[in-house]
Protein chains: 2
Amino acid sequence: MRHVAPSTVRRLSHYLQHLELAERQGQATVSSRALAKWGGATPAQVRKDLSFFGSFGKRGIGYPVQELAGKIKAILGLGREYRVVLIGAGRIGAALANYPGFDARGFTITAIYDVDPAKIGRRLDAYEIRDVAQLESDLARQPVDIAVIGTPAAAAQGIADRVVRCGVRAILNFAPVTLAVPNEVAVSNVNMAMELEALSFALNHKRA
Amino acid sequence: MRHVAPSTVRRLSHYLQHLELAERQGQATVSSRALAKWGGATPAQVRKDLSFFGSFGKRGIGYPVQELAGKIKAILGLGREYRVVLIGAGRIGAALANYPGFDARGFTITAIYDVDPAKIGRRLDAYEIRDVAQLESDLARQPVDIAVIGTPAAAAQGIADRVVRCGVRAILNFAPVTLAVPNEVAVSNVNMAMELEALSFALNHKRA
């Protein structure tokens, strides 16, 4: 497959959301216009994105909802299980352990770690919080696909280095810091502080 | 002030995080190299970003931590109060109402709304959940700066239209859909589903 830009992957996620909604509503087909509206793209962009992965749509009829959803899921790598460790048993950890979209995508938390002796051994939902000192030996015994970093900012890079050395190739980072990782490691960031500051900036620098 | 690109605003947020950490650790100055490492930029980029807002750094000494933090806060519009309504009293609402970074940035939730009769009138932390039908009359009486949309995807655009008509000029959107808003309205998105799918895609399309 040719290289797919991150912006295309994001639009595919958006299309999938719309298709899943359409499926729940019993629609058999959707138009490129409907997908475009949902994904913040033009209908031409939608057709271009989807033609890239094979021919789906029929002029005047639209895209078959189920078939297209299945195809996008396959492209996005959904439909298999991903094993996940969570480092940092704070508020973010608790929210994630509860997030239904996590399970729905086949993401299974295998263990939760913290450095705080007051937390180690206690439970967070179904998980017993483990000492982060055990991270390397645990991952050697039971490798995982994804590490979620929910530590304070100052600890995040050190944790990233450790999981990368253990062979982890995907990181979901909630710490407000840019992680330096090798090229072959994918990092997604969720940075609430940054989103809030983008808004306060915008409110103070009104666009003409 | 000249136009500031969103990517610059994001780097300023990163620099601020690092400066606040340095301040807590009692450092008086930081180097452009330290700021660069934190913000995922080059030292030259840091110097360019900061020179844009006036001259701070001294060659061989670095940037004064407190002064630079104060200046960036001012640029980002922090240090004043922002009034916020939250629409959707679900999991996201609960997590946000608990997020310490929200208060720390002067973001004050004035009301939480839902459409579900089973939730209306009940409490979410310090807030009584109000009927979303009251949104327009509440905002007419007590305008707000920011609306946080934590509704299901299908409801998000309708809520965005309503708050924009009420004069809201900044939206924090947690619904997995691209909102269509007028140019003068700023939207920040936090889309967990999309971040997870970017990772599963990356794990299935290894970079060379």
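So you know, we letter chains A, B, ... as the sequences are listed, proteins then strands, and number each from 1.
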Quick one, A:Leu203 with B:Ile146, criterion side-chain contact (heavy atoms from CB on, under 4.5 Å). Give me CA distance, side-chain angles, the key distance, then yes/no. CA-CA 9 Å; A:Leu203 287 169; B:Ile146 297 170; 3.7 Å; yes

Residue that, paired with A:Ser200, satisfies side chain to side chain contact (heavy atoms under 4.5 Å, CB included) out of B:Leu78, B:Asp145, B:Val9: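 In the set B:Leu78, B:Asp145, B:Val9, the residue that makes a side chain to side chain contact (heavy atoms under 4.5 Å, CB included) with A:Ser200 is B:Leu78.
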
Validation row: A:Gln17, B:Val177 side chains within 4.5 angstrom (heavy atoms):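 Side chain of A:Gln17 against side chain of B:Val177, heavy atoms only: no contact under 4.5 Å found.
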
So, using side-chain hydrogen bond (donor to acceptor under 3.5 Å, both in side chains) as the criterion, who are the partners of A:Gln25 when residues are at least two apart?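 So A:Gln25 forms no side-chain hydrogen bond (donor to acceptor under 3.5 Å, both in side chains) with any residue.
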
At what distance, to the nearest 0.5 angstrom, does CD1 of A:Ile72 lie from CZ of B:Phe201?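 That separation rounds to 12.0 Å.
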
Which atoms form the tightest heavy-atom contact between [X] and [Y], and what is the distance?
X        : Y        : result
A:Leu199 : B:Ala170 : CD2-CB, 3.9 Å
B:His14  : A:Met194 : NE2-CE, 3.1 Å
A:His205 : B:Ile75  : CE1-O, 2.9 Å
B:Leu196 : A:Arg105 : CB-CD, 4.0 Å

Assess the residue pair B:Leu172 and A:Met192 against the criterion (side-chain contact (heavy atoms from CB on, under 4.5 Å)); give the C-alpha distance rounded to whole Å, side-chain angles, the decisive distance to 0.1 Å, and a yes or no. CA-CA 10 Å; B:Leu172 178 60; A:Met192 276 289 297; 4.2 Å; yes

Closer than 4.0 angstrom, basic N to acidic O: yes or no for B:Glu197 and A:Lys73?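 No, B:Glu197 and A:Lys73 are not salt-bridged.
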
Under a 4.5 Å heavy-atom cut-off, does chain B meet the side chain of [X], its backbone, both or neither?
X        : answer
A:Leu16  : side chain
A:Ala180 : neither
A:Leu21  : side chain
A:Asn189 : backbone

Using heavy-atom distances under 4.5 Å, tell me whether B:Phe174 contacts chain A through its side chain, its backbone, both, or neither.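 The side chain, not the backbone.
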
Proximal to chain B - members of residues 109-118 of chain A, heavy-atom separation under 4.5 Å: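 Heavy-atom contacts from residues 109-118 of chain A to chain B are absent.
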
Select all residues of residues 155-165 of chain B having any heavy atom within less than 4.5 Å of some heavy atom of chain A, and report them by number, or 'none'.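 No residue falls under the 4.5 Å cut-off.
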
Please determine, among B:Ile171, B:Leu12, B:Val148, the option with the most heavy-atom pairs under 4.5 Å with chain A.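 With the most close heavy-atom pairs to chain A, the winner is B:Ile171.
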
When B:Gly77, B:Ala198, B:Ala41 are compared by non-hydrogen pairs under 4.5 Å with chain A, the top option: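 Of the candidates given, the most pairs with chain A belong to B:Gly77.
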
Atom CD of residue position A:Gln66 - does it have more than 12 heavy atoms of other residues, nucleotides or ligands inside 6.0 Å?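 Atom CD in A:Gln66 is not packed in, count stays at 12 or less.
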
Not counting sequence neighbours, which residues clear salt bridge (charged side-chain N to carboxylate O under 4.0 Å, His left out) with B:Arg47? List them please.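 Per chain and number, B:Arg47 pairs via salt bridge (charged side-chain N to carboxylate O under 4.0 Å, His left out) with no residue.
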
Under the criterion side-chain contact (heavy atoms from CB on, under 4.5 Å), I'd like the reasoning laid out for A:Arg80 against B:Asn204: C-alpha separation, chi angles, the key distance, then a yes or no. CA-CA 10 Å; A:Arg80 49 163 284 214; B:Asn204 283 277; 3.9 Å; yes

